[in-house]
There are 2 protein chains.
Amino acid sequence: MTPPLHLSLAGQAVDVLREQVLTGEIPPGSRVNEVEVAQKLGISRGPLREAIRHLASEGLLTLVPHRGAFVPDADADEVRALFELRTALECAAAELAASRRTDVDLVRLQEVCAESRRNYRAGQPFPYRLDLAFHQTLIDAARSPRIAEQVRLVQQRVVLLRSALDDDPPHQHASMDDHDELVKAVADGDAAAASTVMRRHLSRVCAQMLTSLNH
Amino acid sequence: MTPPLHLSLAGQAVDVLREQVLTGEIPPGSRVNEVEVAQKLGISRGPLREAIRHLASEGLLTLVPHRGAFVPDADADEVRALFELRTALECAAAELAASRRTDVDLVRLQEVCAESRRNYRAGQPFPYRLDLAFHQTLIDAARSPRIAEQVRLVQQRVVLLRSALDDDPPHQHASMDDHDELVKAVADGDAAAASTVMRRHLSRVCAQMLTSLNH
DNA sequence: GAGTTGTCAACTGTCGACAGTTGGCAGTTT
DNA sequence: AAACTGCCAACTGTCGACAGTTGACAACTC
């Protein structure tokens, strides 16, 4: 299991840096200065270097020899390539979830969908948090630890690119419909349908991302 | 000294260690002593630590706080989980390859298959090298860099577990047949067939691995 | 003035040393 | 003899400092 408490400074640094990268506090394209960040975190360069290497292995930073670490910025080709990977993983997860889900998995999924609807009706924007929660719940229902691991990493990278995503209401509505349809397929144990719907869903999200990238 | 492709000592250490882990020179279950290995490689603990962390992120080592890095050993559940991931990735790759392959991709695939047959008829065992080459060629034909990246990592982890795999002739023959069938599907541009065959192929390989794990 | 070369500051890559933690062993107790 | 306790060696986690490389700017040549 992953250590609940990151005792090591490197582990803490990973958490802090990941947060800063994902929230855009360290903007895409910018460089990470080792001594500067080390001082800011109050640690030495050793643990920080390990943290940087770790985040690089997750795809949240790119390493350039003798130049340092950079936050990768969005790029159409990268978005497409990333979504091909995400589609491969999440479609497989959807299939597995359809055949392995328990009843409590189903309840959890419906719960998330219901909360999304409530939120939407209340006029509030569909929070990305709930979208993530839905996919996370589905992944867990698939009960495939290695796939779950990879999906988590890919979703992180998607979040990183998400700065360029404007969530217009039509897109939100379509996403919620997709989610509902997915839950139905999973409930029926229809693996093929789950995979198909997931593919269509992700294809839609990818297209949305590409258009809002070009604005 | 030798002018290496990887200038950094950490990069070199990664290559050397990866080789030693994959060949079983460092046997599964054993621990990696930082000072000992550092001395053996003639480098300091800093770069070595980064190398160890890198290999851990690839799944070739597992890290235990305050205890060090260990080479993970085979386990039935792990094999199954890993092959679920591999199946997800390679089936998607097979689909993409079927729709994107060029004629030279096709030639390369047929080349590898032909060499496998020659090798088999010559009475020599089907070398794992050729199996890897086939899958690698197929992945490249899919032209999806992020998927290719992940497949490479997963295949590495499979190689790591492969110590327990006895390649009996029937299995080799079946594998070659699968490969031929895959090439046919890819040649026809039949994505669905490519995916189906790949799934069956990997399912067979996984089963073979599980049985030779239990003897 | 354009291009080339020399110089420099900043930063990464690397190292050796110290501190904190872990697991095991010897000695002691019941 | 089994279990508990305290100590010890080994190892990891961390740090500060030094060396090598890179990119930029200035000086110089044509």
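Quick note on labels: first sequence line is chain A, next is B, and so on, each numbered from 1. Quantities reported herein were computed from a predicted structural model and do not represent experimental measurements.
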(request) For the side chain of Arg67(A), starting at C-beta, report the closest nucleotide among dT12(D), dT22(C), dG23(D). (result) dG23(D)

(request) Using atom CD of Glu36(B) as one end and atom P of dC11(D) as the other, report the distance to the nearest whole Å. (result) 8 Å

(message) Using whole Å, what does the distance between atom C1' of nucleotide dG23(C) and atom CG of Asn33(B) come to?
(response) 14 Å

(request) Determine yes or no for a side-chain-to-main-chain donor-acceptor pair under 3.5 angstrom, with Arg100(A) supplying the side chain and Ala142(A) the backbone. (result) yes

(request) Could you check whether Val32(B) gets within reach of a base, just the sugar-phosphate, or nothing at all, counting any heavy atom under 4.0 Å? (result) sugar-phosphate

Heteroatom pairs (N/O) under 3.5 angstrom, protein to nucleotides 15-21 of chain C:
from    : atom 1 : to       : atom 2 : distance (Å)
dC15(C) : OP2    : Ser44(B) : N      : 2.8

(request) Round to the nearest Å and state the distance from Glu50(B) atom CD to dT12(D) atom P. (result) 16 Å

(message) Nearest whole Å is fine: how far is dT22(C) C1' from Glu34(B) CD?
(response) 14 Å

(message) Does Arg108(A) have more than 12 heavy atoms from other residues, nucleotides or ligands lying within 6.0 Å of its CZ?
(response) no

(message) Given 3.5 Å as the limit, does a donor-acceptor pair link the side chain of Asp105(B) with the main chain of Thr102(B), or not?
(response) yes

(message) For Leu213(A) versus Ala76(A), what's the shortest heavy-atom pair and its separation?
(response) CD2-N, 3.6 Å

(request) Could you walk me through whether Glu34(A) and Val37(A) pass side chain to side chain contact (heavy atoms under 4.5 Å, CB included), step by step? (result) CA-CA 5 Å; Glu34(A) 289 187 358; Val37(A) 175; over 6 Å; no

(message) I want to check one thing: is the phosphate of dT12(D), taken as OP1 and OP2, less than 4.0 Å away from some side-chain N or O of Arg53(B)?
(response) no

(request) Could you check how far CD of Gln12(A) sits from P of dG13(D), rounded to whole Å? (result) 13 Å

(message) Within the 4.5 Å heavy-atom criterion, are Glu115(B) and Arg129(B) side-chain neighbours or not?
(response) yes

(message) If you compare every side-chain N and O of Arg49(B) against the phosphate oxygens of dT14(C) (OP1, OP2), does one of them come in below 4.0 Å?
(response) no

